[in-house]
Chemist: 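Below you'll find the structure I mean.
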Amino acid sequence: MPELPEVEAVRRRIAPSMVHARIEAVDLRRPDLRRPFPRQFAKRLGGQTVVALTRRGKYLLALLSSGETLLMHLGMSGSFRVIRAARMPRVPRARDSHDHVVFHMSSGRSVVFNDPRRFGVMDLIRPGQLQHHPVLSALGPEPLSDDFDAAGLARACAGKRTSLKAALLDQRAVAGLGNIYASEALHVARLSPRRRASILATPGGAPREAAHRLAEAIRHVLLKAIARQARGRYGDERFLVYDREDELCSRKGCAGTIRRGAQGGRSTFSCPVCQR
DNA sequence: ATTGAGACCTGTCGGC
DNA sequence: TGCCGACAGGTCTCAA
C-alpha cells in the first residue's frame with residue numbers, strides 16, 4: 001500500500017521510539033519476507049544504537065552505530081506499530097500471525113513490523129556499501145529534493161515508448177510514486193496516463209512544457225499528501241481521481257467524469273476531458 | 001535494451 | 001451463510 005507520503009508518515013511516527021535508542025533484541029518470527037532475511041539478522045542488530053532514521057523513495061533506512069544500515073520496505077501490506085514494552089506480561093500480549101519482526105528498543109518501546117502479504121523487504125547493508133546496494137543505486141531522484149526537476153524527468157523519459165503512467169511507476173525515473181500518486185500527479189498536470197512518456201522531451205532531450213507541469217504536479221501531490229498524513233490518520237484519504245470511477249471531475253470548469261482503465265494490470269484513474 | 005506479462009502472498013469484498 | 005473470482009497503494013524476473 002504505501003507510497004512515499006505513507007512511508008514518510010511511518011518514519012515520523014516510529015522515529016521517536018527508535019532514534020538514539022539501542023536495539024536490545026530483535027524478535028524474528030520467520031525466515032523471510034519477499035526475500036530471506038540476511039544471515040544473523042537479529043544477532044547483528046542486537047546491541048546497536050539507531051543513529052538516524054531516514055527515507056529514500058519508499059525505503060526506510062535506519063543508520064546504525066556500527067556503520068551498517070538497516071533497509072526496510074513495506075511492500076503492499078506492511079505496517080509498523082509501536083507498543084509499550086510490558087515489563088512482566090502476566091498474560092502474553094496477543095500476537096498477530098503477521099507480526100514478523102519486533103524490535104525491542106531501549107526507549108521502552110517495541111516496534112512491530114506486520115505484513116500479511118509479505119511483499120516487504122528487510123536487509124542489512126555493510127558500512128560504505130549503501131551506494132552500491134542494488135535497490136538503492138537503481139533509484140531515481142528524490143522528488144522533494146533539489147535533485148528532481150523537469151529537466152531530469154524529461155531526460156529519464158526521452159525516447160521512451162512506454163506510457164506516462166508506467167514511466168512514473170518506474171522508480172528509476174523518480175523515486176517514491178506508486179499507483180495512487182502517479183494517477184493523481186497526471187491529473188494535476190492535465191496529462192493523459194496513456195500518452196507516451198517521450199512527449200515530455202524534445203528530440204534533443206530538453207524538457208517540454210508538459211515536463212514542467214508534471215514535475216511540479218508530482219511535488220504538489222506528494223507535499224499535500226504528507227501534510228494531510230501529518231494531520232489525519234492513515235487510510236481515509238480523498239483523492240482527486242484515484243478510486244473515483246464514475247464521479248465528476250473536480251477540476252474547476254471541467255464537466256468530465258472520472259474513468260478507470262487498466263495499464264500493466266493495474267488500474268489507472270483519469271478524467272478523459274481535462275487530461276490530454 | 002526496453003517493455004509487458006506473470007509471479008510472489010494473503011485478505012477482503014461483491015455477486016451468486 | 002458460503003463459495004468463488006476479482007482485486008489490492010510493490011517489486012522482481014523472464015521472455016519477446
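Numbered from 1 within each chain, the chains take letters A, B, ... in sequence-line order.
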Chemist: Compare the minimum distances between each of C/dG10, B/dC9, C/dC12 and the side chain of A/R117, then state the nucleotide with the smallest one.
Modeler: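 Output: B/dC9.
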Chemist: Counting Watson-Crick and G-U wobble pairs only, both distances under 3.5 Å, name the nucleotide matched with C/dA16, or none.
Modeler: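 By the stated definition (distances under 3.5 Å), B/dT2 pairs with C/dA16.
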Chemist: Write down the distance between CG (A/D243) and P (B/dC13), rounded to a whole number of angstrom.
Modeler: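 Rounded to the whole Å, the gap is 13 Å.
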Chemist: Is there a salt bridge (Lys or Arg N to Asp or Glu O under 4.0 Å) between A/R244 and A/E184 once you walk through the steps?
Modeler: CA-CA 11 Å; A/R244 281 183 175 271; A/E184 296 292 286; over 6 Å; no
Chemist: Looking across every strand, which nucleic acid part, if any, lies under 4.0 Å from A/G75 by heavy atom: base, sugar-phosphate, or nothing?
Modeler: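 Since only primed, P, OP1 and OP2 atoms lie under 4.0 Å of A/G75, the category is sugar-phosphate.
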Chemist: Between B/dG11, C/dG9, C/dC12, which one does the side chain of A/P116 approach most closely?
Modeler: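 Closest nucleotide among those given: B/dG11.
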Chemist: Which sits closer to the 5' end of DNA chain B, A/R34 or A/H98, going by the nucleotide each is nearest to?
Modeler: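 With A/R34 and A/H98 compared, the 5'-side residue is A/R34.
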Chemist: When all nucleic acid strands are considered with a 4.0 Å heavy-atom cut-off, which category describes A/R161: base, sugar-phosphate, or nothing?
Modeler: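 Counting heavy atoms under 4.0 Å across all strands, the contact made by A/R161 is with sugar-phosphate only.
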Chemist: Please report the distance separating the P of B/dG11 from the corresponding atom of C/dC12, rounded so that it comes out in whole Å.
Modeler: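 Rounded to whole Å, the distance is 23 Å.
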Chemist: Starting from C1' on B/dC8, measure out to CG on A/D115 and report it in whole angstrom.
Modeler: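 Answer to the nearest Å: 12 Å.
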Chemist: Salt bridge check, A/R259 against A/E245: does any charged N sit closer than 4.0 Å to a carboxylate O?
Modeler: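 No salt bridge links A/E245 with A/R259.
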Chemist: Closest approach to the side chain of A/Y59, judged atom by atom: which nucleotide of C/dA8, B/dC9, C/dT11 is it?
Modeler: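 Closest nucleotide among those given: C/dT11.
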Chemist: If the P atom of C/dA6 is compared with that of B/dG6, how far apart are they to the nearest Å?
Modeler: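 Straight-line distance between the two P atoms is 14 Å.
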Chemist: Nearest nucleotide by nearest heavy atom, which residue falls closer to the 5' end of DNA chain B, A/F119 or A/A166?
Modeler: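 Looking at the nearest nucleotide for each, A/A166 comes out on the 5' side.
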Chemist: Using purine N1 to pyrimidine N3 plus N6-O4 or O6-N4 for Watson-Crick, or N1-O2 and O6-N3 for G-U wobble, each under 3.5 Å, what pairs with B/dC9?
Modeler: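 Its partner is none (no Watson-Crick or G-U wobble pair with both distances under 3.5 Å).
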Chemist: Quick one: A/L168 CG to C/dG10 P, roughly how many Å, whole number?
Modeler: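 That distance rounds to 12 Å.
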Chemist: Can you label the angle between the A/F37 ring and the A/F41 ring as parallel, tilted or perpendicular, going by 30° and 60°?
Modeler: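 It falls in the tilted class, 30° to 60°.
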Chemist: Rounded to whole Å, how long is the line connecting atom CG of A/L33 with atom P of B/dT10?
Modeler: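 About 12 Å, once rounded to whole Å.
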Chemist: Between A/H133 (NE2) and C/dT11 (P), how many Å, whole number?
Modeler: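 Going from A/H133 (NE2) to C/dT11 (P), I get 14 Å.
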Chemist: Given that A/E3 and A/V121 both sit by DNA chain C, which one's nearest nucleotide is further toward the 5' end?
Modeler: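 Nearest-nucleotide comparison on DNA chain C picks A/E3.
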Chemist: In terms of side-chain geometry, is the basic nitrogen of A/R117 or A/D115 positioned less than 4.0 Å from the acidic oxygen of its partner?
Modeler: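 No salt bridge links A/R117 with A/D115.
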Chemist: What orientation do A/Y59 and A/H73 show, parallel under 30°, tilted 30 to 60°, or perpendicular over 60°?
Modeler: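 A/Y59 and A/H73: perpendicular rings.
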Chemist: Of all the choices, C/dG10, B/dT3, C/dA8, which nucleotide is nearest to the side chain of A/H73 once you look at every atom?
Modeler: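 It is C/dG10.
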Chemist: C/dA8, C/dC12, B/dT2: which one has an atom nearest the side-chain heavy atoms of A/R35?
Modeler: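 Of the options given, the side chain of A/R35 lies nearest C/dC12.
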Chemist: Quick one: A/L4 CG to C/dG10 C1', roughly how many Å, whole number?
Modeler: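 Distance check: A/L4 CG to C/dG10 C1' gives 14 Å.
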Chemist: Choosing from C/dC12, C/dG9, B/dT3, which nucleotide comes nearest the side chain of A/S267?
Modeler: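 Minimum distance to the A/S267 side chain belongs to C/dG9.
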Chemist: Quantified in whole Å, what is the P atom distance between nucleotide C/dC7 and nucleotide B/dA5?
Modeler: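 15 Å, rounded to whole Å.
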Chemist: Kindly say if A/S77 contacts the phosphate of B/dG11, meaning a side-chain N or O under 4.0 Å from OP1 or OP2.
Modeler: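 For B/dG11, OP1/OP2 do not have a side-chain N/O of A/S77 under 4.0 Å.
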Chemist: Between C/dG9 and B/dT3, how far is it from one P atom to the other, in whole Å?
Modeler: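 About 22 Å, rounded to a whole number of Å.
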Chemist: Would you indicate, yes or no, if C/dA8 has its OP1 or OP2 atom less than 4.0 angstrom from a side-chain nitrogen or oxygen of A/R260?
Modeler: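 Result: yes.
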Chemist: Please examine the side chains of A/L214 and A/V188, heavy atoms only from C-beta on, and report whether any two atoms are closer than 4.5 Å.
Modeler: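 A/V188 does not reach A/L214 side chain to side chain.
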Chemist: Does A/Q171 have a side-chain nitrogen or oxygen under 4.0 Å from the phosphate oxygens OP1 or OP2 of C/dT11?
Modeler: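 Yes, A/Q171 has a side-chain N/O under 4.0 Å of OP1/OP2 on C/dT11.
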